[in-house]
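Read through the structure below, which is laid out as structure tokens, and then see the notes.
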Amino acid sequence: MDGLEQSLPTIASINTNYAQCQTSMAAPYPALGERKPISHVRRTFCLFVTFDLLFVSLLWIIELNTKDGIEKNLKDEIIDYDFRTSFFDIFFLAVFRFLVLLLCYALLRLRHWWVIAVTTLITSGFLIVKVILLIQFQSRGAFGYVLPIVSFILVWLETWFLDFKVLIQEAEDERLFQAPQTAFGGPSLLYPSAVSEGQFYSPPESLAGSDDELEEEGVGRVAATPQEKEYVRQGREAMGVLEQILRQEEYWKLEKEVGTDAVYTFEIPYHGKSFILKAFLECPAELVYQEVILQPEKMTMWNRTIAACQ
């Protein structure tokens, strides 16, 4: 117990110092990552829309390059257009989808499904009418089936990907991006809040290595090196991220549970996946504090994902 009592002032100093620097941390680190102009799932969607146009164009060109020659077929399909036999309208639909979808979802960056719903409805209705009522499959060969079917499949794949991947993922990223800003304003889960007015308390001793002491030299004290200051900055940033993760426990995803031990994952936007272990340790709390807080250099011995810790 003597060792634990001796460590309590240090714990109090850490808590007080962290509470004092919380305000300054909120400005440089308002969120877990820098917001990107366009998300990776939206870029993938735009790439798929481009693939739709290129693939339909390729099939149409192959259909034109028959025994009659591409020039004659172009004249028949465009200049002498006939809804019953021409595939130029299917190519034109692919161009229409490409322009409308990239304009709305790449340039304007809309976050609603109504635009792609309109393009899908127009394309699907047109293809159904063309296939069932008017087109002459016998005169067009295999492409009388391939081109309309491929166009129909591609347009519905685009709708599915936008609705179930892009919009959902961006909404989740937006929630995680905004949550840390709210988290800094609430009561701390890791450290005690500031003492309210009127409360009597004895202020703890100042923490060695604080901002003021890092810049000063004195008797028996050497000014911190730039590398040490960088360690302090990274440590404060890491503690801020840790607090944000703990505030959002309802969004942890359970990966594995064995007895009372459980492993969770948490997706951090633009950073990746973090693993969280909740377990009971059969050891004194003082030992955990000494190993993790007072002797961080030993962390590399039991956590191989860490290269250095000071």
If I compare all heavy atoms of V263 with all of L254, which pair ends up nearest, and what's the gap? O-CD1, 3.6 Å
Residues passing the ring pair (Phe, Tyr, Trp, His ring centres under 6.0 Å) test with F161, sequence neighbours excluded, are none
Can you find a pair of side-chain heavy atoms, one from C46 and one from L102, that are under 4.5 Å apart? yes
Separation between NE2 (H40) and CG (L47), nearest 0.5 Å, reads 13.5 Å
Backbone of L147 reached by a side-chain donor or acceptor of S151 within 3.5 Å: yes
Side-chain heavy atoms of F48 within contact of F45, under 4.5 Å: no
Give the cluster check for F280 versus L287: same hydrophobic cluster or not, with ILVMFWY residues linked at side-chain heavy-atom distances below 4.5 Å. no
Just by distance, no angles: are the side chains of D89 and Y81 close enough, under 3.5 Å, to form a donor-acceptor pair? yes
Check: W252 and T265 side chains under 4.5 Å, non-hydrogen atoms: no
Would you find a donor on one side and an acceptor on the other, under 3.5 Å apart, between the side chain of R43 and the backbone of I38? yes
Under 4.5 Å between side-chain heavy atoms, counting indirect links through other Ile/Leu/Val/Met/Phe/Trp/Tyr residues: same cluster for L121 and V49 or not? no
Does I168 reach the side chain of E170, with side-chain heavy atoms less than 4.5 Å apart? no
V258 reachable from I276 in the ILVMFWY side-chain graph, under 4.5 Å edges: no
Taking C-beta and beyond as the side chain, do I122 and F96 meet within less than 4.5 Å on heavy atoms? yes
Looking at the rings of W60 and F87, which for Trp means the six-membered one, are their centres under 6.0 Å apart? no
Rounded distance (nearest 0.5 Å) linking atom CG of L110 with atom CG of L103: 8.0 Å
For F88 and E77, work out which heavy atoms get closest and say how close. N-OE1, 3.3 Å
Please find the pair of heavy atoms, one from L127 and one from P148, that lie closest to each other, and give the distance. CD1-O, 3.7 Å
Are I61 and F92 in one and the same hydrophobic cluster, where Ile, Leu, Val, Met, Phe, Trp and Tyr link if side-chain heavy atoms are under 4.5 Å apart? no
Heavy-atom distance under 4.5 Å between the side chains of E158 and T120, does that happen here? no
Taking side-chain contact (heavy atoms from CB on, under 4.5 Å) as the criterion, tell me which of V56, L53, L93, L54 meets it with F98. L53
Ionic contact status for D52 with R97, cut-off 4.0 Å: yes
Heavy atoms, side chains only, cut-off 4.5 Å: are Y264 and K278 in contact? yes
How far does CG of L74 sit from CG of N65, to the nearest 0.5 angstrom? 10.0 Å
Lys/Arg N to Asp/Glu carboxylate O, R233 vs E237, below 4.0 Å: yes
Is the terminal nitrogen or CZ of K130 (NZ for Lys, CZ for Arg) located under 6.0 angstrom from the six-membered ring centre of F83 and within 45° of that ring's axis? yes
Under the side-chain contact (heavy atoms from CB on, under 4.5 Å) rule, what do E230 and V232 come out as? Steps first, then yes or no, please. CA-CA 5 Å; E230 178 64 17; V232 172; over 6 Å; no
Can you tell me if D163 uses its side chain to pair, donor with acceptor, with the backbone of T159 under 3.5 Å? no
Distance check, rounded to the nearest 0.5 Å: T44 atom OG1 versus Q169 atom CD? 10.5 Å
Nearest 0.5 angstrom please: K75 NZ to I70 CD1, how far? 15.5 Å
Look at the side chain of E228 and the backbone N and O of T225, then say whether any donor-acceptor pair between them is shorter than 3.5 Å. yes
Would the distance check show the side chain of Y105 and the main-chain N or O of H112 forming a donor-acceptor pair, the cut-off being under 3.5 Å? yes
Should F164 and L154 be counted in the same cluster of Ile, Leu, Val, Met, Phe, Trp and Tyr side chains packed under 4.5 Å apart? yes
Rounded distance [0.5 Å steps], NZ in K253 versus CZ in F275: 10.5 Å
Kindly give the heavy-atom pair with the smallest separation between D261 and A279, and that separation in Å. OD1-CB, 3.2 Å
Would you find more than 12 non-hydrogen atoms of other residues, nucleotides or ligands less than 6.0 Å from F126 atom CZ? yes
Decide if atom CD of E297 counts as having more than 12 heavy atoms of other residues, nucleotides or ligands within a radius under 6.0 Å. yes
Main-chain N/O of I116 paired to T119 side chain as donor or acceptor, under 3.5 Å: yes
